[in-house]
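Below is one structure, written out as structure tokens, with a few remarks after it.
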2 protein chains.
Amino acid sequence: MERLEKYYNQIKTSPVFYGMSDDELKGLLECFNARIRKYEKEEMIIRQGDIISNIYLILDGEVNIEKDSYWGRRIIISRLGQNDNLALSFVGSKNIESSIDAITVEDTLVLILSYEKCTSMCQNACTRHKILINNLFQILSKENIELIQKIENVSQKSIRDKLLTYLSNEARKKHSNSFDIQFNRQDLADYLNVDRSAMSFELSKLQKEGFIKYDKNHFELLS
Amino acid sequence: MERLEKYYNQIKTSPVFYGMSDDELKGLLECFNARIRKYEKEEMIIRQGDIISNIYLILDGEVNIEKDSYWGRRIIISRLGQNDNLALSFVGSKNIESSIDAITVEDTLVLILSYEKCTSMCQNACTRHKILINNLFQILSKENIELIQKIENVSQKSIRDKLLTYLSNEARKKHSNSFDIQFNRQDLADYLNVDRSAMSFELSKLQKEGFIKYDKNHFELLS
DNA sequence: GTTTTCTTGTTGTAAATACAACAGAAATGT
DNA sequence: ACATTTCTGTTGTATTTACAACAAGAAAAC
């Protein structure tokens, strides 16, 4: 169990608490029974089938949102990091089982808020709750848009098009044609739903043809 | 311009207004400058690049959420119908351009609420707004979960697996192994990101092998 | 510093898919 | 009732991809 105070300044910067005064935030953390938990590398934070009644906020580390297909193949839905939330949509849809796993990629620190507890206590009446729900609405909106973009990435017909779409979208997000990506090759292949070796081959073809340049996780879009 | 009163009873049943009294709903419709608009078949309600500041609620009809890839291929992200919302996530993420088109599949009736107008007027202070934002949060949660399911559908590696995953998910939604699907063959192919003829071929193979039975848009899962 | 493990790129082959073309069925319009 | 258009299934071929196996390089462990 880590101490809340140590991370207070970072917690304050999370979109979840945007627009709250220090007093409101402190009250909220108490009301929500906030606690910090440390997860080891490759530990499961959330499993398919779990009922989620907590808000999970990543303070530090990286987490994969994954799904196993019936036939055992791994699908990476997204990679989350600092200040991202886990499985927020399953908090909003009460009593719906999680359809995803959340698995740490490295040692990860998570702030956990008991959403049920607070909503039952204050009946959504307090100011901080009003701010919170507004923030959650906006966070979910962003997540939604990200999911649509992921659908665009994986919906291209060839490996080449998937790569170019993914890299273009990353470049736009990072506001630069030169950027690092978060995935290694195997994870990128599982994210784009293609075979790793075929993808590697396509990457070096794209480089030979002068469309991109890359070194490990650093990529550059040319032309 | 259609008259609101005519559709009032249906509007009342929408998840957007769940938990509101008649008075609150009436006040809200006024405050939000509610109006009804009719769209013809294959008309665009929302275009990529639009800034969305209205809540769109489908009263009657069907709408495709689509995206054109760089190379002109059509991607169907989802098919929406009665009581569904359009592009809600772009209302929540202010000043973000829509990354999708919303195109009617048939003549469609839409309730339009000016979200900006109300939030600026009441500063989110009125009871009905509090109920509303709670409802929107839940609606977005559901949309989010649907998108994850769509990702599962299209992330299968073969056409066969995509079809079986899609059909299983539909069966679960409809609580029956015998059900109608909303897509025709071309639209289903654009939804699953596969070639229509290859998909047709795979469907009849699945039928011959005894896994499914189908006639037009009616499907049955066997075994 | 050496060994071991993990990651990435490369190649050949088998399998799956896209694409094009077409025919019959169904739906639509007149 | 007929003509026209749209939708669906079928087939052959060219292309793309998955899969397996392996080698070189980097990172981690000893």
Side-chain angles (χ1 to χ4, degrees), chain A residues 40-42 62 64 69 71-76 79 105-107 153-167 180-209 211-219, chain B residues 40-42 62 64 69 71-76 79 105-107 153-167 180-209 211-219:
Chain A
E40 312 251 303
K41 183 177 176 182
E42 288 177 359
E62 293 206 277
N64 270 348
S69 78
W71 300 270
R73 233 164 43 91
R74 178 178 77 149
I75 300 166
I76 295 183
R79 166 76 55 93
V105 178
E106 55 187 40
D107 288 3
N153 288 337
V154 301
S155 295
Q156 304 304 320
K157 68 163 187 286
S158 65
I159 294 181
R160 163 172 293 230
D161 290 350
K162 287 183 187 186
L163 283 169
L164 288 175
T165 303
Y166 168 73
L167 292 173
D180 289 333
I181 66 170
Q182 51 189 349
F183 295 121
N184 65 22
R185 296 292 183 276
Q186 183 62 63
D187 284 354
L188 180 56
D190 287 346
Y191 176 84
L192 296 178
N193 301 305
V194 296
D195 179 69
R196 181 197 59 78
S197 63
M199 188 191 75
S200 258
F201 183 66
E202 196 65 43
L203 274 175
S204 52
K205 217 163 77 179
L206 281 168
Q207 184 159 238
K208 274 175 206 145
E209 294 173 18
F211 291 106
I212 63 173
K213 255 168 67 181
Y214 63 91
D215 178 48
K216 296 183 196 174
N217 284 18
H218 187 82
F219 283 76
Chain B
E40 312 251 304
K41 183 178 174 178
E42 287 177 0
E62 292 205 278
N64 270 349
S69 78
W71 300 270
R73 234 164 45 91
R74 179 178 74 149
I75 301 167
I76 295 184
R79 167 76 56 92
V105 179
E106 57 187 39
D107 288 3
N153 288 337
V154 302
S155 295
Q156 304 304 320
K157 69 163 186 284
S158 66
I159 294 180
R160 164 172 292 230
D161 289 351
K162 287 184 187 184
L163 283 169
L164 288 175
T165 303
Y166 168 74
L167 292 172
D180 290 333
I181 66 170
Q182 49 189 350
F183 295 122
N184 65 23
R185 296 293 185 274
Q186 182 62 63
D187 285 355
L188 180 56
D190 287 345
Y191 176 83
L192 295 178
N193 302 303
V194 297
D195 179 70
R196 182 196 58 78
S197 64
M199 188 190 75
S200 259
F201 183 66
E202 196 64 45
L203 274 174
S204 53
K205 217 163 76 178
L206 281 168
Q207 184 159 239
K208 274 176 206 145
E209 294 174 20
F211 291 106
I212 62 173
K213 256 168 68 180
Y214 63 90
D215 178 49
K216 295 181 196 174
N217 285 17
H218 188 81
F219 283 77

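Any value given below was found using the heavy atoms of this structure, including those in side chains, with hydrogens, waters and symmetry copies removed. The model shown is predicted, which means the values in this text are computed figures rather than measured ones. Letters go in sequence order (proteins before strands), and every chain restarts at 1.
- For the segment residues 200-209 of chain B, the set of residues with a heavy atom within less than 4.0 Å of an atom of DNA chain D comprises Ser200(B), Phe201(B), Ser204(B), in numerical order.
- Results of the side chain to side chain contact (heavy atoms under 4.5 Å, CB included) test with Asn153(B) over Leu192(B), Leu164(B), Leu167(B), Asp161(B) single out Leu192(B) as the only residue that passes.
- Lys216(B) has a side-chain polar atom (N or O) that falls below the 4.0 Å cut-off from OP1 or OP2 of dA27(C).
- Atom CG of Asn193(A) and atom C1' of dT16(D) are 16 Å apart (whole Å).
- At a threshold of 4.0 Å, the pair Asp107(B)-Lys41(B) does not count as salt-bridged, since none of the basic side-chain nitrogens sits closer than that to a carboxylate oxygen.
- Separating the CG atom of Asn184(B) from the P atom of dG9(D) is a distance of 11 Å, rounded to the nearest angstrom.
- Here the side chain of Arg79(A) pairs no donor or acceptor atom with the backbone of Phe183(A) at under 3.5 angstrom.
- Looking at Ser197(B), its side chain comes within 3.5 Å of the base of dA20(C) through a donor and an acceptor atom.
- Under a cut-off of 6.0 angstrom, the local environment of CZ in Phe201(B) is sparse, with at most 12 non-hydrogen atoms contributed by other residues, nucleotides or ligands.
- Contact between the side-chain N/O atoms of Arg185(B) and the OP1/OP2 oxygens of dG9(D) is found at a separation under 4.0 Å.
- Atom CG in Leu192(B) sits about 16 Å away from atom C1' in dA16(C), given to the nearest Å.
- Which of dA18(C), dT8(C), dC19(D) sits closest to the side chain of Ile159(B) comes down to dA18(C).
- The shortest distance between side-chain heavy atoms of Tyr191(A) and Ile75(A) does not fall below 4.5 Å.
- Where Arg196(A) and Ala198(B) each meet DNA chain D at their nearest nucleotide, the meeting point lying more 5' is that of Ala198(B).
- For Val194(A), the listed nucleotide lying nearest its side chain is dA18(D); candidates were dA18(C), dG9(D), dA18(D).
- Taking atom CD on Gln156(B) and atom P on dA18(D), their separation rounds to 13 Å, with Å as the unit.
- Separating the CZ atom in Arg74(A) from the OG atom in Ser155(B) is a distance of 12.5 Å, to the nearest 0.5 Å.
- Taking atom CG of residue Asp195(B) and atom C1' of nucleotide dA14(D), one finds them 13 Å apart after rounding to whole Å.
- For the pair Gln186(A) CD and dA27(D) C1', the computed distance is 17 Å after rounding to whole Å.
- The separation between Arg160(B) atom CZ and dA15(C) atom C1' is 14 Å, rounded to whole Å.
- Listed for the Glu42(B) side chain is no donor-acceptor partner under 3.5 Å among the backbone atoms of Glu106(B).
- Note that NZ of Lys216(B) is 11.0 Å distant from CG of Asp180(B), once rounded to the nearest 0.5 Å.
- As rounded to whole Å, 12 Å separates atom P of dC7(D) from atom CG of Asp190(B).
- Helix-axis bend for the helix from dG1(C)-dC30(D) to dT30(C)-dA1(D): the local axis fitted to the five terminal pairs at one end deviates from that at the other end by 60°, rounded to 10°.
- Between the side chain of Asn184(A) and the main chain of Asp187(A), a donor-acceptor pair closer than 3.5 Å is present.
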